[in-house]
Amino acid sequence: MYKGHNGTIEIHGDQLVLTRTGAGARISRQTVKHRNIPLAAISSVDLVRANIAKNGRLRLGLGGQPLPTLDAAAAASEPNTVIFTHGQRHAFGRLYDYLRSVTDHNDTHAVDCAAAYAQCDDALHTHHNEKATKMAARIGTAAEREDILRAAARLNWTLGSKREIKKLPEHLTPGETVHFMASGNYDDATGLVVLTDRRVLMLRHGFTGSRLADFPLERISSVQTSSTFGLGTLTIHVSGNISTIKHISTRDLGPLADAIRTEMGRITDSAMARTTAPAPTASPAPPAPQADVFAQITKLSELHAARIIDDTEFQTKKAELLTRL
C-alpha cells in the first residue's frame, strides 16, 4: 500500500486500485472514491519528487493519452495524480520504479493500452458519463453534436459559459470539429474559449449582444500559461500580436494549452508535407519553369515568415528549389 496526501494506491495482481478518502481527498475535490485500473491500461507514468519545502506527485497516463501540463494547484484535483509528502517520498519512489517497469512491459509487448482502458471497469468512466448526461440537459440542441458534448463534459468550471455552449454550433463552419473548451475572460468579458481543428475562438453571448474573436491555428506562433490561486492566464502569440485570456481554471488551463500546441504541430506537419512532398519516382519530372520555382520560393518565404517552418528547413528547401533553375 502506498498512502499519499490525497489518495492511496495498491497493487492487486494485474490491477491498480486507487482510493480517495480522508481530508486530503476532500480538499483536493477528488469525487471518485474507488477506482480499479488494469496495469495493461497504464501507458506512462511521471514523478515530481518531494522535498522539505513542497510535496511531490505521481501521475498516471492511461489509455495512451498524453500527460497534461499541470501546476501544483491543478495537480491536486487531477484524477490520475496522487500527491505525496516528503515523508512518503521513498515509498512513492519505489512505486514509480515499479510502474515504469509496467509501462516498459506494455511497450515491449505492444499492449493496446487504449483498448484495455476503454474496456475496463474504471469508476471514472461512470462519473464522466453521468457528467455528460447532466451537461446535455443544460446545453439543449448543442448536445446533438458529440464533439461539443464531449468537450463540454470535460469542463471543470462552467460559470458564465453555458449560454455560449448552446450558441456554439451557430459559429462553427461546416466540418469544423471541437476539441476543447474552457471558461475565460477576454477583453473584460467572460465567455467561452473553444479549440477546434482550425482555430481558437473566444465567444461571448450576453443579453445585449454577442462577441466573437478567433485565432487561426496556422497564425499562432506560441502559447504560454501562468497561474495563481486556482486561476490562470493563456497568452496567445498571433502574427506578431499578443492576445490574453484570463481567469481560466487551472484544471482546464494546462490541458487547453497542451491541446492547442498539439493542433499547432498537426497544422505545421501538414504544411511541411505539402511543401516538401517528393516528386514521383516512376519517371523523372520535367524541369520546372522558372516562374513556378519562384512562386514556390515565395510560398516558402511566407511559411517561414509565419514561423510555420524554421530557418534550417527554409534554407534547405530554398537551396533545393534553386537547383531547378
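- The backbone N or O of Arg266 lies less than 3.5 Å from no partner atom in the side chain of Ser270, so there is not a single donor-acceptor pair.
- At a threshold of 4.5 Å between non-hydrogen side-chain atoms, the residues His205 and His171 count as touching.
- Using a 4.5 Å cut-off between side-chain heavy atoms of Ile, Leu, Val, Met, Phe, Trp and Tyr, with links allowed through other members, Phe84 and Tyr96 fall into the same hydrophobic cluster.
- By the 4.5 Å heavy-atom criterion applied to side chains, Leu62 and Leu124 are not counted as neighbours.
- Residues that satisfy the side chain to side chain donor-acceptor pair (under 3.5 Å) test with Arg251, not counting sequence neighbours, are Ser77, Asn156.
- Residues Leu99 and Leu16 form a side-chain contact, since some pair of their non-hydrogen atoms from C-beta on lies under 4.5 Å apart.
- Listed by first then second residue, pairs satisfying side-chain hydrogen bond (donor to acceptor under 3.5 Å, both in side chains) with a partner in residues 56-67 read Asp46-Arg59, not counting sequence neighbours.
- Listed for the Gln15 side chain is no donor-acceptor partner under 3.5 Å among the backbone atoms of His12.
- Counting only residues at least two apart or in different chains, side-chain hydrogen bond (donor to acceptor under 3.5 Å, both in side chains) contacts with residues 141-152 comprise Arg145-Asp147, Glu146-Arg150.
- With hydrogens and angles disregarded, no donor-acceptor distance shorter than 3.5 Å links the side chain of Arg204 to the backbone of Gly191.
- Using a 4.5 Å heavy-atom threshold, the side chains of Val178 and Glu176 count as separate.
- With contacts defined as side-chain heavy-atom distances shorter than 4.5 Å, the pair Ile148/Leu172 qualifies.
- Applying the ring pair (Phe, Tyr, Trp, His ring centres under 6.0 Å) test to pairs two or more places apart or on separate chains, none has a residue in residues 172-193.
- Ion pairing between a basic and an acidic side chain is recognised when a charged N comes within 4.0 Å of a carboxylate O; Asp97 and Arg94 show no such pairing.
- Considering only residues two or more places apart in sequence or on other chains, Asp121 meets the side chain to side chain contact (heavy atoms under 4.5 Å, CB included) condition with none of them.
- Proximity of Leu192 to Arg163: side-chain heavy atoms (C-beta onward) are nowhere separated by under 4.5 Å.
- When the side chain to side chain donor-acceptor pair (under 3.5 Å) test is applied to Gln30, no partner is found at least two apart in sequence or on another chain.
- Using a 4.5 Å cut-off on side-chain heavy atoms (C-beta onward), Val82 and Tyr2 make no contact.
- Partners of Ala41 under the side chain to side chain contact (heavy atoms under 4.5 Å, CB included) rule, at least two apart in sequence or in another chain, are Ile37, Pro38, Ala116, Tyr117.
- Smallest separation of non-hydrogen atoms from Val102 and Leu39: CG1-O, 3.6 Å.
- Remark: Ala118 engages no residue in a side chain to side chain contact (heavy atoms under 4.5 Å, CB included) (not counting sequence neighbours).
- With sequence neighbours left out, the side chain to side chain contact (heavy atoms under 4.5 Å, CB included) criterion links Ala114 to Asp112.
- Few gaps surround CZ on Arg89; more than 12 heavy atoms of other groups in view lie less than 6.0 Å from it.
- Here OG of Ser44 is found 10.5 Å from CG of Asn106. Values are rounded to the nearest 0.5 Å.
- Residue-environment remark: NZ (Lys131) exceeds the threshold of 12 foreign heavy atoms within 6.0 Å.
- With sequence neighbours excluded, the residues satisfying side chain to side chain donor-acceptor pair (under 3.5 Å) with Asn185 are Thr190.
- When the side chain to side chain donor-acceptor pair (under 3.5 Å) test is applied to His90, no partner is found at least two apart in sequence or on another chain.
- Contact of the Leu47 side chain with the Val45 side chain is not registered, since no non-hydrogen atoms from C-beta on lie closer than 4.5 Å.
- Among all heavy-atom pairs drawn from Lys162 and Arg138, the shortest one is CE-CD, 3.8 Å.
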Under 3.5 Å, side-chain donor or acceptor atoms of residues 223-231 against the rest of the protein: list the pairs with distances, not counting sequence neighbours.
unit_1: Gln224; atom_1: OE1; unit_2: His237; atom_2: NE2; d: 3.3
unit_1: Ser227; atom_1: OG; unit_2: Asp71; atom_2: OD2; d: 2.4

